[in-house]
Visitor: 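Before we start, here is the structure in question, set down as structure tokens.
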Amino acid sequence: MDLSQLWSKRWVRIGLSAGLVVSALTACLGGCIAPGVSDPPDTMPGAALAAEEDPVLAVTPAITQGGKRAVASGTTAFDVKIQDGSAYYYYLLGQILLRERNWHDAEKALTEVAKADATSVETRMLVAHLATQRGDLQKATRFAEEGVALDPKDEKSRQLLAGLLTATGFFEKAAEQYEEILKINPAQLVARLQLAQLYGRANKMEQARKALTPLFNKPAQAWKAYLALGRAYVSVPDMEKAVVQFRKACQLDPDKLESVLALGAALQELKRPKEAETVYRHFLANHPDSKEIHARMGRLLLNEDNQDAALTEFQAISQISPDSIPARLTSALILLSQKRYEEALQELRLAEASKPEDNRVSYYLGQVLESLDRFKEAEEAYAKVKASETFYSDAQLRLAFLEAEEGRKADGIRRIRALLAMAATQPATHSDDAPSPPPDATNDPKSRLTLLVALSVLLIQDEQYADVVETTSQGLTLDPDHGRLRFNRAIALDKLDRWPEAEKDLQLYLKQNPEDANALNYLGYTWVEHNEHLGEALALLEKALLLSPGDGFITDSVGWALFRLHRLDEAALRMREAVRLEPKDPTINEHLGDVLHAMGKTDEAVGIWKKSLELDPTNEKLQKKIQANGQTSAP
């Protein structure tokens with residue numbers, strides 16, 4: 001939005017002298033309010049291992065306390081030298097927007113102020129903070145560099161610049177900034193900790209240790225120094241030495257969560273999960289309500305495939321914090337994988353009660369309800385996932401397949417086509433003011449391929465084979481090696497009597513997936529049906545049967561190939577086994593009758609054919625076979 005439009009919408013334009021502007025701001029605002037960010041707690045394995053105290057966040061002014069806006073006491077208005085009248089407008093507007101917590105437009109206004117005053121360090125640093133908050137690190141870095149150039153002795157400006165340089169991968173330049181900070185203030189703790197870790201990235205461990213040396217003998221800070229040194233070794237990487245430093249940090253202060261998380265993560269990285277578990281359990285003995293450690297333990301145990309023990313950890317989090325959605329979701333997913341559907345449903349219902357609008361809860365509720373054959377409720381759960389949220393396309397896919405299973409294939413197909421249409425209308429990029437696409441946006445090539453596969457499956461079920469060819473061909477343009485799309489296209493081409501094209505697709509598919517028993521069976525059986533490549537077909541079918549022993553349909557295919565090769569005794573053995581495995585399949589029964597008839601066992605053959613006709617009364621070809629052998633087809 002244009003800033004002048006913003007101003008005209010909210011405020012009546014008034015003319016103020018420079019003195020009135022400054023006095024009004026000083027009286028009303030008492031200084032400037034800048035946005036802040038809180039560092040989220042570590043709950044994922046490995047996060048603490050590479051984590052560093054965020055230098056960008058460390059110098060970003062806080063704006064909230066207990067959910068309310070907070071202004072630091074004693075702050076004053078920035079010292080800005082206004083050189084033209086328009087800058088008054090932007091300065092006043094920027095301050096008002098800050099009070100309204102409209103960070104984006106405040107940044108625009110204060111950027112104009114910085115252009116008007118080439119000497120204001122404070123304005124540049126505030127713009128840098130706001131750009132950092134928005135994620136524009138390039139702009140933030142540019143303004144921070146300008147601020148440092150204007151006042152090389154300003155510690156906070158250098159600290160922000162160092163953090164931005166670290167975040168954008170300019171580690172050597174970041175280290176130079178921290179070195180300058182320590183010249184200004186040798187007691188600056190954050191600078192020493194960050195500098196040591198940057199030296200670790202450059203494999204300059206002697207310099208890292210030297211940077212931390214002043215802290216090793218200070219009881220309140222020594223544990224942080226050893227933690228930073230351990231993180232420096234992680235960057236080398238030298239995990240064994242990192243573990244030594246992390247252990248020292250834990251010994252100096254056993255109650256510090258960061259050290260325990262770092263030590264445990266390093267041990268896990270070294271494939272020493274039992275030692276990591278011991279570290280976590282020791283901490284839990286003294287801090288049983290540590291959600292972070294319970295979560296880390298739970299994930300470690302899941303990695304060890306100890307689902308029951310992991311479940312205990314996540315349920316412990318739920319007891320500590322009943323409204324913890326991640327804990328209840330993880331517990332539910334463990335229970336779902338164990339087919340303990342009712343218990344999973346209970347966890348998800350509790351999560352739903354705490355946060356009914358959470359789309360993750362709705363999505364997994366749908367999955368559990370599907371597993372319980374409560375399809376109507378599953379549909380209701382999936383329908384709650386909004387288009388702007390994660391899992392939307394997944395929920396829509398599940399709805400489409402539920403509709404197809406209920407005989408509403410056309411509805412399911414329309415639903416998936418709508419998802420693909422949504423993807424086509426989403427812009428490849430979006431402006432700062434435009435809404436972001438859903439987290440699982442279907443314009444992502446991988447997501448689009450998933451939708452095209454799903455659509456092709458429903459189209460095959462609905463016997464819309466021409467549309468299957470079109471859909472799968474679109475997908476193969478995106479990914480020529482996509483096996484499922486190629487296989488589905490081969491099926492559709494075969495159904496459309498375009499066998500040479502289908503054959504080519506099947507052969508390409510099997511070249512990439514030589515162990516797929518279903519594809520081996522499809523190609524081999526079709527060759528037998530076409531009475532071509534019989535020896536090669538039998539080899540494919542026998543391989544398929546080795547890969548999928550006890551499969552009645554593949555057994556039938558082997559028997560049918562043997563029949564076409566005139567190896568009747570072997571064919572009869574295979575066919576009898578196939579009928580035993582799939583007694584209610586009419587085609588398999590008919591094949592057995594055909595083999596027996598070729599062996600001269602007409603009476604037995606007719607009896608088998610009659611049984612097949614009972615299973616498929618519309619088979620006119622079979623009726624004629626029975627009649628041609630002097631028998632009536634009537635039961």
Side-chain angles (χ1 to χ4, degrees), residues 38-54 223 227 230-231 234 239 242-243 246-247 249-338 340 342-355 358 360-361 363-365 368 390:
S38 60
D39 197 9
D42 166 54
T43 57
M44 292 294 291
L49 181 61
E52 301 176 357
E53 292 186 42
D54 192 331
W223 73 271
L227 179 61
R231 287 172 173 164
V234 167
M239 289 297 169
V243 166
F246 292 146
R247 286 196 191 278
C250 290
Q251 289 165 0
L252 286 168
D253 195 336
D255 296 322
K256 294 299 182 183
L257 176 64
E258 301 96 313
S259 303
V260 173
L261 289 170
L263 176 57
L267 290 168
Q268 287 181 250
E269 186 72 18
L270 289 168
K271 310 300 181 187
R272 289 151 64 178
K274 294 300 180 185
E275 290 181 64
E277 183 177 347
T278 299
V279 169
Y280 297 144
R281 291 201 184 281
H282 179 75
F283 188 83
L284 285 173
N286 297 314
H287 304 276
D289 291 341
S290 174
K291 294 183 290 183
E292 295 84 358
I293 297 297
H294 279 298
R296 182 69 70 80
M297 273 284 293
R299 291 185 174 90
L300 182 153
L301 292 164
L302 281 177
N303 288 336
E304 295 296 298
D305 201 27
N306 190 345
Q307 291 190 349
D308 290 333
L311 181 61
T312 299
E313 297 300 327
F314 290 110
Q315 289 181 332
I317 297 174
S318 297
Q319 291 177 354
I320 297 164
S321 180
D323 293 337
S324 173
I325 301 299
R328 293 209 179 275
L329 279 175
T330 308
S331 297
L333 289 175
I334 293 171
L335 292 164
L336 179 60
S337 71
Q338 295 178 337
R340 295 160 63 180
E342 291 292 350
E343 294 172 78
L345 181 60
Q346 182 179 1
E347 289 284 354
L348 289 167
R349 289 298 189 199
L350 289 169
E352 184 183 38
S354 298
K355 197 173 182 181
D358 193 304
R360 296 169 300 171
V361 175
Y363 177 73
Y364 289 120
L365 260 176
V368 171
T390 306

Visitor: Counting C-beta onward and ignoring hydrogens, is there a side-chain heavy-atom pair between Arg247 and Leu267 closer than 4.5 Å?
Guide: yes
Visitor: Measuring from atom CG of Asp255 to atom CH2 of Trp223, what distance do you get when rounded to the nearest 0.5 angstrom?
Guide: 11.0 Å
Visitor: Indicate the atoms forming the closest heavy-atom contact of Ala242 with Val234, along with that distance.
Guide: CB-CG2, 3.7 Å
Visitor: Verify, without hydrogens or angle tests, whether His294 (side chain) and Thr312 (backbone) share a donor-acceptor contact under 3.5 angstrom.
Guide: no
Visitor: Locate the shortest heavy-atom distance separating Tyr280 from Leu261; write the atom from each residue and the value.
Guide: OH-O, 4.4 Å
Visitor: Is it true that, when you exclude Glu275 itself, more than 12 heavy atoms of the residues, nucleotides or ligands shown sit nearer than 6.0 Å to its CD?
Guide: yes
Visitor: Where do Phe314 and Ala295 come nearest, in terms of heavy atoms and distance?
Guide: CZ-O, 4.0 Å
Visitor: To the nearest 0.5 angstrom, please state how far the CD atom of Glu304 sits from the CD atom of Gln268.
Guide: 8.5 Å
Visitor: Can you tell which of Glu343, Glu347, Arg340 makes a side-chain contact (heavy atoms from CB on, under 4.5 Å) with Leu311?
Guide: Arg340
Visitor: Once rounded to the nearest 0.5 Å, what's the spacing between atom CG of Asp289 and atom CD1 of Ile317?
Guide: 11.0 Å
Visitor: At their closest point, which heavy atom of Ala285 faces which heavy atom of Pro288, and how far apart are they?
Guide: O-CD, 4.4 Å
Visitor: Just how far is it from atom NZ of Lys271 to atom CG of Asn303, taken to the nearest 0.5 Å?
Guide: 8.5 Å
Visitor: If you measure from the Lys or Arg side-chain nitrogens to the Asp or Glu carboxylate oxygens, is any gap between Glu352 and Arg328 under 4.0 Å?
Guide: no
Visitor: For Lys291, is there an ion pair with Asp323 - N to carboxylate O distance below 4.0 angstrom?
Guide: no
Visitor: With side-chain contact (heavy atoms from CB on, under 4.5 Å) as the criterion, how do Glu313 and Leu302 come out once you've worked through the C-alpha distance, each side chain's angles and the decisive distance to 0.1 Å?
Guide: CA-CA 10 Å; Glu313 297 300 327; Leu302 281 177; over 6 Å; no
Visitor: Decide yes or no for Asp308 and Ile334: does some side-chain heavy atom of the first lie under 4.5 Å from some side-chain heavy atom of the second?
Guide: no
Visitor: Determine the minimum heavy-atom distance between Val260 and Pro254, stating which atoms define it.
Guide: CG2-O, 4.2 Å
Visitor: If I take atom NZ from residue Lys274 and atom CG from residue Leu300, how far apart are they, to the nearest 0.5 angstrom?
Guide: 8.0 Å
Visitor: Stepwise, does the salt bridge (charged side-chain N to carboxylate O under 4.0 Å, His left out) test hold for Arg349 with Glu342?
Guide: CA-CA 10 Å; Arg349 289 298 189 199; Glu342 291 292 350; over 6 Å; no
Visitor: Give the C-alpha distance, both sets of side-chain angles, the deciding distance and a yes or no for side-chain contact (heavy atoms from CB on, under 4.5 Å) between Ser354 and Ile325.
Guide: CA-CA 8 Å; Ser354 298; Ile325 301 299; 4.2 Å; yes
Visitor: Rounded to the nearest 0.5 Å, how far does CZ of Phe283 lie from CD of Glu292?
Guide: 8.0 Å
Visitor: Do you know which of Met297, His282, Arg296 makes side-chain contact (heavy atoms from CB on, under 4.5 Å) with Glu277?
Guide: Met297
Visitor: Work out which heavy atom in Ala344 is nearest to a heavy atom in Val368; give both atom names and the distance.
Guide: CB-CG2, 4.0 Å
